[in-house]
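Worksheet: the structure to be examined is printed underneath.
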Protein chains: 2
Amino acid sequence: MAVTKISRSTQAKQSVLALIEEANIALSHADIEEQLNVKCNRVTIYRILDRLVEDDKIHKLVDMDGVSKYMACVACNDDHHHHHHLHFSCKQCEQVSCLHHIIPSFQLPKGYSMHELNFTVRGICVDCESTSP
Amino acid sequence: MAVTKISRSTQAKQSVLALIEEANIALSHADIEEQLNVKCNRVTIYRILDRLVEDDKIHKLVDMDGVSKYMACVACNDDHHHHHHLHFSCKQCEQVSCLHHIIPSFQLPKGYSMHELNFTVRGICVDCESTSP
DNA sequence: ATGCTTAATTCAATTGAGTTGCAAATATCC
DNA sequence: GGATATTTGCAACTCAATTGAATTAAGCAT
């Protein structure tokens, strides 16, 4: 069993979490490094992100181009921490957003068990669709 | 519009394609480099993989840990080249396989359009489930 | 409030996947 | 066989992410 370390509340951690919670799109490490308004080392941001995922404060997802992005937990509570809805990755604006209400329906074959789900659609989002003819 | 180059049949390309077609799991660049029995440069393998994807011979998918993997086209023909079924990524054996017959059902909101889909479930596969109590 | 323990932070160095530019090799068409 | 465009190999490079070790600081107990 893994030893569960106590999580400390530091300014850097609070700021990173606030940034992710205020964003309505998924942020990459680079996005966070760029937008963070407190002095914080690159490596520290990586470790904070890992810690927040471990503490079930945020979700990590891998975009279709292989880039890791992070989103706040929205509908998660103590009982369930999952991210089973659809993620939309726009080819034009390059933004990844959650479509919380869209949950795919499917059935795993007998013998398989699910722990995580990555369900990402790549295409053109509604904002880009409406701004370009 | 992109200029479509003529694709040549070389030994390296044939061997890479054969390897992917014979495998029933998704192979990464590293897997291919390791298993390939013909002399072939690392960079060449990257370029062959890109070329095979471009030629609709194989599909590229990004695993939940961000690693690119490649699978042969199975049910694809001239009319449709897509990979809309479920991919299963086993936490134990670390293998990614296609569950061709499982296609998720969902509906995108009005205004969104889909070009690609990444639908990967991570968990324990049937083989690992049966071999460990 | 002071000290102790341990988590968090920083820095430098490193890893690993993937890319680029260019020269040499070679598949394909004539 | 020769022309031409695609492939290949090599070296160097980029970028994301990790590691180890030393320093700083949060939070608990006294």
Side-chain angles (χ1 to χ4, degrees), chain A residues 1-20 26-71 89 94 96 118, chain B residues 1-20 26-71 89 94 96 118:
Chain A
M1 201 62 185
V3 180
T4 45
K5 294 180 174 187
I6 289 163
S7 191
R8 289 181 186 170
S9 168
T10 66
Q11 206 198 345
K13 200 187 283 179
Q14 286 168 24
S15 302
V16 170
L17 182 55
L19 199 61
I20 295 171
L27 300 180
S28 67
H29 173 273
D31 295 333
I32 292 165
E33 190 178 7
E34 195 180 299
Q35 293 171 34
L36 203 63
N37 49 8
V38 299
K39 168 180 124 47
C40 186
N41 191 273
R42 236 184 69 255
V43 177
T44 304
I45 297 177
Y46 279 116
R47 297 208 244 237
I48 286 176
L49 290 170
D50 286 347
R51 195 59 160 102
L52 290 172
V53 169
E54 202 178 303
D55 291 346
D56 291 325
K57 293 285 184 7
I58 61 174
H59 290 288
K60 176 177 181 169
L61 62 99
V62 179
D63 197 3
M64 290 181 78
D65 52 9
V67 180
S68 292
K69 301 206 169 183
Y70 300 87
M71 303 220 61
S89 169
E94 288 297 336
V96 176
N118 181 3
Chain B
M1 204 59 190
V3 181
T4 45
K5 296 180 173 186
I6 288 163
S7 191
R8 288 185 185 167
S9 167
T10 65
Q11 206 198 346
K13 199 186 284 180
Q14 286 168 22
S15 301
V16 170
L17 182 56
L19 199 60
I20 294 171
L27 299 180
S28 66
H29 173 274
D31 294 334
I32 291 165
E33 190 178 6
E34 192 182 301
Q35 293 171 36
L36 203 63
N37 49 8
V38 300
K39 167 180 125 47
C40 186
N41 190 272
R42 214 170 53 79
V43 177
T44 304
I45 297 177
Y46 279 116
R47 295 204 252 236
I48 287 175
L49 290 170
D50 287 346
R51 195 62 159 100
L52 290 173
V53 169
E54 203 179 304
D55 292 346
D56 292 325
K57 293 287 186 1
I58 61 175
H59 290 288
K60 176 178 181 168
L61 63 99
V62 179
D63 197 2
M64 289 182 79
D65 52 7
V67 180
S68 292
K69 301 206 168 183
Y70 300 87
M71 303 219 61
S89 170
E94 288 297 336
V96 177
N118 182 2

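Protein chains get the first letters and strands the later ones, always in sequence-line order, with residue 1 at the start of each.
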Aromatic ring proximity A:Tyr46/A:His29, centre distance under 6.0 Å: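 Centroid separation for A:Tyr46 and A:His29: below 6.0 Å.
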
[N] OP1/OP2 closer than 4.0 Å to side-chain N/O of [X]:
X: B:Lys39; N: D:dT8; result: no
X: A:Asn41; N: C:dC11; result: yes
X: A:Thr10; N: C:dT9; result: yes
X: A:Thr44; N: C:dT10; result: yes
X: B:Lys5; N: D:dA5; result: no
X: B:Ser7; N: D:dT7; result: yes

Separation of [X] atom [atom1] from [N] atom [atom2], in whole Å?
X: A:Tyr46; N: C:dT9; atom1: OH; atom2: C1'; result: 16 Å
X: A:Glu54; N: C:dA7; atom1: CD; atom2: C1'; result: 12 Å
X: A:Ile48; N: C:dA8; atom1: CD1; atom2: C1'; result: 8 Å
X: B:Asp65; N: D:dT18; atom1: CG; atom2: C1'; result: 15 Å
X: B:Ile45; N: D:dT8; atom1: CD1; atom2: C1'; result: 12 Å

Just to be sure I understand the rule, does [X] reach a base, reach only the sugar-phosphate, or reach nothing, if contact means heavy atoms closer than 4.0 Å?
X: B:Ala12; value: sugar-phosphate
X: A:Arg51; value: sugar-phosphate
X: B:Ser68; value: sugar-phosphate

B:Leu61 CG to B:Lys69 NZ distance, which is reported to the nearest 0.5 Å: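 These two atoms lie 8.0 Å from each other.
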
DNA chain D: 5'-proximal contact among A:Ser9 and A:His29 (nearest heavy atom):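 Taking each residue's closest nucleotide, the earlier one in sequence belongs to A:His29.
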
Donor-acceptor pair under 3.5 Å, B:Arg42 side chain vs D:dT8 base: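 Counting by modelled atom types and ignoring angles, no donor-acceptor contact under 3.5 Å is found here.
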
Presence of donor-acceptor pair under 3.5 Å, side chain of B:Arg8 and base of D:dA5: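 Yes, the side chain and the base share a sub-3.5 Å donor-acceptor pair.
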
Given DNA chain C, 5'-ward residue of the pair A:Gln11 and B:Ala30, judged by closest heavy atom: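 The 5'-side residue here is A:Gln11.
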
Side-chain donor or acceptor of A:Asp55 paired with backbone N/O of A:Lys57 under 3.5 Å: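 It does not hold such a pair.
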
